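So the structure is just underneath, and the comments pick up after that.
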Amino acid sequence: MAQMTMRQLVSVTRLPLVRTATTSPAVVFGPGSQLDKMYPKIGKREVVGYGMNGDPMYFDKRALPCPSVRYREETSEVAKLREKEKGDWKKLSVDEKKALYRASFRLTFAEMDAPDGEWKAVTAGIFLFLTASLWLYYGFKKSVYPALPSTLTPEWQTKMMERMIAQGQGKIDGISSEWDYEKGTWKK
């Protein structure tokens with residue numbers, strides 16, 4: 001795409017925003033052929049606004065409630081309702097109003113805010129990760145890590161404590177300070 005000058009950009013932004021594929025493939029959203037590139041992707045849906053980032057696409061977002069294209073392509077029933085919509089809205093039934101809304105939008109605000117159950121997938125993913133981590137730890141402990149040294153067995157530690165007491169190690173504040181040498185037992 002060629003670089004646009006400020007004058008070209010300002011002239012592009014002054015164009016009317018409501019265009020359809022049948023009325024005009026003119027520049028609405030930026031450099032010359034962007035809209036022509038997007039129409040094969042959006043079909044015959046009507047472009048009704050700028051949208052997000054100026055791209056003609058449909059999305060449901062609470063923060064930006066007006067997408068740049070309608071949700072559905074215009075059918076003959078919807079075209080009749082749009083003509084009727086131009087008149088008095090009191091003459092439209094509730095079902096006709098709902099049909100017009102559903103032609104432009106996929107979800108209502110209540111449907112956007114409704115819980116979608118995504119927490120279940122997140123929780124399952126967390127538990128799957130924890131399970132895999134535990135199995136990896138167990139596998140590494142059994143096959144990769146060497147066996148514990150003999151100096152960590154309770155028998156060895158008991159013998160070492162007896163030897164330290166016999167040698168009198170730590171008579172001031174160590175293990176020997178708590179041993180009564182006259183009675184041969186621990187001090188109380």
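Keep in mind that what you see is a predicted model, and the values were worked out from it rather than measured.
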Closest heavy-atom pair and its distance - [X], [Y]:
X: Ile165; Y: Ser176; answer: CA-OG, 3.8 Å
X: Leu92; Y: Lys97; answer: O-CE, 3.7 Å
X: Cys66; Y: Phe59; answer: O-CZ, 4.4 Å
X: Val69; Y: Val47; answer: CG1-CG2, 3.9 Å

- [ ] List, by chain and then residue number, the residues other than Phe109 in its hydrophobic cluster (Ile/Leu/Val/Met/Phe/Trp/Tyr, side-chain heavy atoms under 4.5 Å); write none if there are no others.
- [x] Leu107, Met112

What's the separation between atom [atom1] in [X] and atom [atom2] in [Y], rounded to the nearest 0.5 Å?
X: Leu100; Y: Leu81; atom1: CG; atom2: CG; answer: 4.5 Å
X: Glu178; Y: Asp173; atom1: CD; atom2: CG; answer: 9.5 Å
X: Thr131; Y: Leu136; atom1: OG1; atom2: CG; answer: 11.0 Å
X: Met161; Y: Gln157; atom1: CE; atom2: CD; answer: 8.5 Å
X: Lys171; Y: Gln169; atom1: NZ; atom2: CD; answer: 11.0 Å

Task: Plane angle bin for Trp179 and Tyr181 - parallel if under 30°, tilted between 30 and 60°, otherwise perpendicular - done: perpendicular

Atom [atom1] of [X]: over 12 foreign heavy atoms under 6.0 Å:
X: Lys120; atom1: NZ; result: no
X: Asp116; atom1: CG; result: yes
X: Glu118; atom1: CD; result: no
X: Trp186; atom1: CH2; result: yes

TODO: Treat each ILVMFWY residue as a node, draw an edge where side-chain heavy atoms are under 4.5 Å apart, and state whether Val144 and Leu148 are in one component.
DONE: no

- [ ] Identify, with sequence neighbours excluded, every residue that meets side-chain hydrogen bond (donor to acceptor under 3.5 Å, both in side chains) alongside Lys84.
- [x]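 Partners of Lys84 under the side-chain hydrogen bond (donor to acceptor under 3.5 Å, both in side chains) test: Glu96.
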
SB check [X] [Y] (cutoff 4.0 Å):
X: Glu46; Y: Arg70; answer: yes
X: Glu111; Y: Arg102; answer: yes
X: Arg106; Y: Asp60; answer: yes

Open item on the list: Check whether Tyr137 forms a cation-pi arrangement with Lys142 (NZ or CZ under 6.0 Å from the six-membered ring centre, at most 45° off the ring normal).
Closed with: no

Kindly indicate whether the side chain of [X], heavy atoms from C-beta on, has any atom under 4.5 Å from the side chain of [Y].
X: Phe105; Y: Pro65; result: no
X: Arg82; Y: Ser104; result: yes
X: Ser177; Y: Ile172; result: no

Task: N/O donor-acceptor pair under 3.5 Å between Thr153 side chain and Ser150 backbone - done: yes

